[in-house]
Each structure stands twice: as C-alpha cells, then as structure tokens.
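See below for the structure under consideration.
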Amino acid sequence: MSQNLYQSDTFSVEYIASLKTLKGTFFECRSSDDYTSAMRAFKEVYYKVKPARTLWDNSKFSYIISPEERKWTDEFLNAPAMQLGITKKTAIIVSGHALAMLSILDIFEEGEAPVRPGFFAYEQQALEWINQKVVQTPPPQKGGDPVITLQQHMATGRANITLDIEMSQLPEYLKCLKHVLKHHKFFEEHYVRFCSLSFQEKKILGLILKGLLNKAIGNELYISEDTVKTHRRNILRKLECHTMTDLVKYSIFL
C-alpha cells in the first residue's frame with residue numbers, strides 16, 4: 001500500500017511504507033522545467049519522509065539531461081541525501097530511450113555522491129531487489145555474449161541495430177555507447193580539418209603520434225629537420241591543435 005505525497009501532470013511521488021521506499025514516477029519529461037520541478041518536488045518530500053530506499057520509475061522518461069543539469073542534480077539532491085546516511089539503495093526502472101538513460105547514468109558516474117543504483121526493466125524486479133538485505137548493486141551476469149541484430153531500410157538509407165543483453169549489464173553497455181557517440185561526434189566535427197592536410201603532412205602526423213622527434217622524422221622521410229618543423233607548425237594550424245593531447249585525438253583518422 002502506497003501513499004501519494006505529490007502529484008503533477010508530469011511527475012508524482014509516493015511512499016511505500018512497507019518497504020520504506022520513496023518512489024518518483026515520471027509520466028513524461030520533455031523539458032528542463034519538467035525535470036528540475038520533479039527534482040525539487042522529490043527533494044522536498046524526501047526530507048520529510050527520510051526513506052531507507054528510493055525507486056525511480058523512468059519508464060516514460062525521454063528527456064536528455066544536460067551536463068549542467070547533471071551537476072546540479074548531484075549537488076542539489078544526491079550529495080545532500082547521501083550525507084544524511086539514511087538511504088541505502090536506489091533502483092531505477094529504465095525507458096527505451098537510450099540517450100536519456102545514458103544521461104541518467106552520467107549523473108552517478110560523474111557526480112560526487114556515492115550512489116550506485118540498480119537498473120531494471122520492470123517495477124517488480126526493482127522492488128524485489130530493493131527488499132533484499134544485500135546493499136550492493138546487482139552484479140553483471142558472467143558470460144553470455146550479446147545478441148546483435150541489424151535491420152537495413154534501403155528506401156530511407158537508414159539502419160537499426162538492436163542489442164539484446166542482460167539487464168544487469170545495461171550500465172556497462174551504456175558506457176560503451178557513450179564512448180562510441182563521443183568518437184562519432186569528434187569524427188563528424190574534425191574530419192574536414194584532417195582532410196585539409198597534405199599527404200606528406202598526414203605521414204608526418206602519424207610519425208609524431210608514434211613518438212618520433214623531428215630529426216627522426218626527417219631521417220624517415222629523407223627531409224631536413226627544418227622542413228619537419230615547418231610541416232609540424234602547419235599541421236597544428238590546420239587541425240587547430242595546441243598540445244600533443246589535442247593531436248592524439250586525430251589518431252582515429254590514421
């Protein structure tokens with residue numbers, strides 16, 4: 001039996017007394033105002049109830065939380081709540097919106113608050129885990145390769161990739177997705193710059209990234225050290241790089 005403690009068109013908060021669990025449910029979340037209003041409402045009720053566990057029903061959540069909002073959530077809600085030392089478990093029911101779920105995962109990955117939630121497909125799974133006496137998050141399943149399916153739509157020039165995994169593996173695969181998207185974004189934004197390099201400059205960039213100094217590069221390409229220095233300056237200018245760290249990112253094109 002639960003008690004409804006807050007209700008709006010987009011969000012509700014209820015307390016499940018038998019499980020000492022405070023549950024937040026998103027009916028929808030399409031804007032920053034929807035999101036921050038929900039966080040403020042949850043925090044207000046949280047401090048009144050001081051639950052041992054929290055449950056977030058994000059099955060209808062499709063809002064991608066910005067980096068600024070993730071930092072704000074950690075400082076405004078998670079860190080103060082953890083300082084109370086009352087809540088031992090947090091469970092999250094996921095939606096089918098991968099980028100929205102990734103932004104939620106980033107709150108906990110990037111934040112200072114020591115919160116490690118469990119992720120679940122259904123409420124019953126989340127409640128069963130919450131009710132267990134073990135505190136840690138559910139461990140990833142060992143073995144069992146993911147099932148990957150590909151659907152191509154020739155008429156639209158698009159494709160769908162489906163990944164079938166254990167729910168406990170979701171956080172790890174979301175991290176991998178984040179890594180892929182980060183590199184894809186860099187590829188789109190910087191490939192034109194890389195293409196502006198001459199054939200010789202691309203060869204020199206590759207040797208620089210292998211750790212060769214100017215003299216060694218000159219010996220490798222049968223050119224003078226001064227010529228290598230000139231090429232290096234041109235490479236930095238064309239790629240708009242200022243440090244070796246900036247240059248290393250371009251290794252994905254070589």
Please answer: with hydrophobic residues joined when any side-chain heavy atoms are less than 4.5 Å apart, are [X] and [Y] in the same cluster?
X: L84; Y: F42; value: yes
X: V192; Y: L254; value: no
X: L239; Y: V248; value: yes

Stepwise side chain to side chain contact (heavy atoms under 4.5 Å, CB included) test for K23 and S2: CA-CA 9 Å; K23 177 186 175 184; S2 62; over 6 Å; no
List in chain and number order the residues that pass salt bridge (charged side-chain N to carboxylate O under 4.0 Å, His left out) with [X], two or more places apart in sequence or in another chain; answer none if no residue qualifies.
X: R193; value: E240
X: E44; value: K48
X: E75; value: K71
X: E189; value: none

Go through the structure and list residues passing side-chain contact (heavy atoms from CB on, under 4.5 Å) with E112, not counting sequence neighbours.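 E112 satisfies side-chain contact (heavy atoms from CB on, under 4.5 Å) with D74 only.
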Identify the two heavy atoms, one from [X] and one from [Y], that lie closest to each other, and give their separation to 0.1 Å.
X: G118; Y: W129; result: N-CH2, 3.6 Å
X: M39; Y: L77; result: SD-CD2, 4.0 Å
X: T87; Y: P51; result: OG1-O, 2.9 Å
X: S95; Y: N58; result: CB-O, 3.1 Å

Ring centres under 6.0 Å, that's the criterion: do F253 and Y191 meet it?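 Ring centres of Y191 and F253 closer than 6.0 Å.
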Under a plain distance cut-off of 3.5 Å, with no hydrogens placed, do [Y] and [X] share a side-chain donor-acceptor pair?
X: T227; Y: S224; value: yes
X: S59; Y: D57; value: yes
X: T162; Y: Q151; value: no

Would L5 and E14 count as a side chain to side chain contact (heavy atoms under 4.5 Å, CB included) if you check the C-alpha gap in whole Å, the side-chain angles of each, and the deciding distance to 0.1 Å? CA-CA 5 Å; L5 302 177; E14 56 188 302; 5.9 Å; no
Set of residues satisfying ring pair (Phe, Tyr, Trp, His ring centres under 6.0 Å) with respect to [X], sequence neighbours excluded:
X: Y15; result: none
X: H97; result: none
X: Y35; result: none
X: Y6; result: none

Near [X] [atom1], under 6.0 Å, is it more than 12 heavy atoms from other residues, nucleotides or ligands?
X: K202; atom1: NZ; result: yes
X: N4; atom1: CG; result: yes
X: Y122; atom1: OH; result: no
X: K20; atom1: NZ; result: no

Is any side-chain heavy atom of [X] closer than 4.5 Å to a side-chain heavy atom of [Y]?
X: F26; Y: S12; result: no
X: Y46; Y: T54; result: yes
X: K89; Y: R53; result: yes
X: F187; Y: I252; result: yes
X: V115; Y: M82; result: yes
X: D246; Y: L236; result: no
X: S32; Y: T36; result: yes
X: F108; Y: N78; result: yes

May I have all residue pairs that pass ring-ring contact (aromatic ring centres under 6.0 Å, His included) and include part of residues 197-239, sequence neighbours excluded?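 Those involving residues 197-239 do not exist here.
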What's the separation between atom CG in N131 and atom OG1 in T21, rounded to the nearest 0.5 Å?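 Interatomic distance, N131 CG to T21 OG1, rounded to 0.5 Å: 7.5 Å.
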Let me have the donor-acceptor pairs involving side chains of residues 205-220, under 3.5 Å, with sequence neighbours excluded, atom names and distances please.
{"from": "N214", "atom 1": "OD1", "to": "R232", "atom 2": "NE", "distance (Å)": "3.0"}
{"from": "N214", "atom 1": "OD1", "to": "R232", "atom 2": "NH2", "distance (Å)": "2.9"}
{"from": "N219", "atom 1": "ND2", "to": "K215", "atom 2": "O", "distance (Å)": "3.4"}

Start with the C-alpha distance between Q7 and F27, add both sets of side-chain angles, then the distance that settles side chain to side chain contact (heavy atoms under 4.5 Å, CB included), and finish with yes or no. CA-CA 10 Å; Q7 182 84 38; F27 305 123; 3.2 Å; yes
For F61 and Y63, take the angle between the two ring planes, folded into 0 to 90°, and tell me which bin it lands in: parallel under 30, tilted 30 to 60, perpendicular over 60.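 Perpendicular.
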Name the atoms and distances for all side-chain donor-acceptor pairs under 3.5 Å in residues 153-160, with sequence neighbours left out.
{"from": "H153", "atom 1": "NE2", "to": "N160", "atom 2": "ND2", "distance (Å)": "3.1"}
{"from": "T156", "atom 1": "OG1", "to": "H153", "atom 2": "O", "distance (Å)": "3.4"}

Worked verdict on R70 versus E110 for side chain to side chain contact (heavy atoms under 4.5 Å, CB included): CA-CA 8 Å; R70 296 197 295 265; E110 300 168 354; 3.2 Å; yes
